Amino acid sequence: MRVNRILLSSALIVVALVVQVSVLARLHLPGAVPDLLLLTVLGLALVYGHVGGALVGFGAGLLADLAPPADHAAGRYALVLCVIGYLAGLAKPENGRLKSATGPMVVVVAAALGTTLLYAGVGALVGDTTARHVGLPSLLFTAALYDLLLAPFVVPGIMALARKAENDPLAETSSAAKSADISSGWLSSGTGLKIGGQRGGLGGLKNRARTRTARVGRIKGVKRL
């Protein structure tokens, strides 16, 4: 990852984790807790792509695993957010711009459900049965609802910051290539010459000159006779 990506992602993840632990976790809402860290990972993954999303998700999850008051095994949430960040990065728009808010909202709902299921599944593998006692259906519903309500205030801003800090050399190269194509097309249309046909055109002129010289030589030979 680039330096600007690392710095921006680190700052956003730390802020999101602090807000989630100190504010959102203390609201005591029924069911799940609004996952601001997940929304931050999603916003960055939609700009950086699947590889960047996986790296950001792993770093964010590992930080959440180690930060107090974490009460689960280290690496559990890192694995979950790494997978979610990779899958969310696959939904990155080709031109980097979103045409509507439908796609990101679908990604948010799917990520909220997937995160809850993966977290509960990994917990079941290591012997943590907390999700069974709380109730998995209620966790799924509340997680999707809270993240969906919070997403319009978080994801667009995260994506805007990521785009602003992103310097894409591929975009500059493509724009330069496009301008070169336009200029070459303008030259060919203005002069009527084609680069590929210049050799053929010169060869045709030489052949015509040789034909005229041969005709002149024949005529002179006839006059001498």
Side-chain angles (χ1 to χ4, degrees), residues 1-27 29 31-64 67 77-78 80-119 140-172 174-175:
M1 293 181 68
R2 302 175 184 175
V3 177
N4 55 349
R5 290 187 177 184
I6 296 175
L7 295 177
L8 179 62
S9 301
S10 302
L12 292 176
I13 287 171
V14 170
V15 172
L17 183 60
V18 171
V19 173
Q20 181 170 338
V21 172
S22 61
V23 179
L24 298 179
R26 297 184 179 182
L27 295 178
L29 296 174
V33 177
D35 201 341
L36 183 60
L37 192 62
L38 172 64
L39 296 179
T40 304
V41 172
L42 294 180
L44 294 174
L46 290 174
V47 177
Y48 295 157
H50 58 282
V51 177
L55 294 176
V56 170
F58 179 80
L62 186 60
L63 184 62
Y77 203 47
V80 172
L81 284 188
C82 180
V83 175
I84 296 298
Y86 179 86
L87 295 177
L90 295 176
K92 173 187 175 182
E94 296 181 357
N95 56 357
R97 298 291 178 180
L98 297 174
K99 298 181 180 179
S100 65
T102 305
M105 294 299 102
V106 173
V107 172
V108 168
V109 174
L113 298 176
T115 301
T116 306
L117 289 175
L118 285 175
Y119 189 81
L140 292 172
F141 177 76
T142 53
L145 179 61
Y146 295 155
D147 292 346
L148 187 60
L149 293 176
L150 189 60
F153 304 99
V154 178
V155 176
I158 297 296
M159 295 181 67
L161 289 175
R163 289 197 192 100
K164 188 175 181 180
E166 182 76 3
N167 295 320
D168 192 359
L170 296 178
E172 297 177 359
S174 61
S175 61

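The figures here come from the full heavy-atom set of this structure, side chains too, leaving out hydrogens, waters and symmetry mates. Fair warning: this is a prediction, and the values are worked out from it, not measured in the lab.
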| query | If every non-hydrogen atom of A45 is compared with every non-hydrogen atom of G85, which pair is closest and at what distance? | reply | CB-O, 3.6 Å
| query | Nearest 0.5 Å, what's the CE-OH distance between M159 and Y48? | reply | 11.0 Å
| query | Under 4.5 Å between any side-chain heavy atoms of I84 and L118, yes or no? | reply | yes
| field | L46 to A88 - nearest heavy-atom pair and separation | value | CD2-O, 3.6 Å
| said: Please evaluate residues V14 and L63 with respect to the criterion side-chain contact (heavy atoms from CB on, under 4.5 Å), reporting the C-alpha separation (whole Å), side-chain torsions for both, the decisive distance (0.1 Å), and the verdict. | reply: CA-CA 8 Å; V14 170; L63 184 62; 4.2 Å; yes
| Got L37 and Y77 here, is their nearest side-chain heavy-atom distance under 4.5 Å? | yes
| message | Among residues at least two apart in sequence or on other chains, which ones pass side chain to side chain contact (heavy atoms under 4.5 Å, CB included) with L12? | response | L8, T40, L44, I158, L161
| query | Taking only residues two or more places apart in sequence, or in another chain, which ones meet Y146 in a side chain to side chain contact (heavy atoms under 4.5 Å, CB included)? | reply | L29, P30, P34, T142
| field | F141 side, atom CZ; L113 side, atom CG - distance, nearest 0.5 Å | value | 11.0 Å
| task | Measure across H50 and L90 and return the closest heavy-atom pair with its distance rounded to 0.1 Å. | result | CB-CD2, 3.7 Å
| Taking all non-hydrogen atoms of both residues, which atom of A112 and which atom of A144 are closest, and how far apart? | CB-CA, 3.8 Å
| What pairs with S22 under side chain to side chain contact (heavy atoms under 4.5 Å, CB included), at least two apart in sequence or on another chain? | V18
| remark: side chain to side chain contact (heavy atoms under 4.5 Å, CB included) filter on A151, not counting sequence neighbours, yields L39, M105, V108, V155
| remark: Distance col, row K164:NZ vs N4:CG, nearest 0.5 angstrom, shows 13.5 Å
| said: Using every non-hydrogen atom in the two residues, find where G53 and V41 come nearest and quote the distance to one decimal. | reply: O-CG1, 4.3 Å
| message | Could you check whether any side-chain heavy atom of L81 comes within less than 4.5 Å of a side-chain heavy atom of L38, counting everything from C-beta outward? | response | yes
| Could you give the distance from OG1 (T115) to CG (L140), rounded to the nearest 0.5 Å? | 10.5 Å
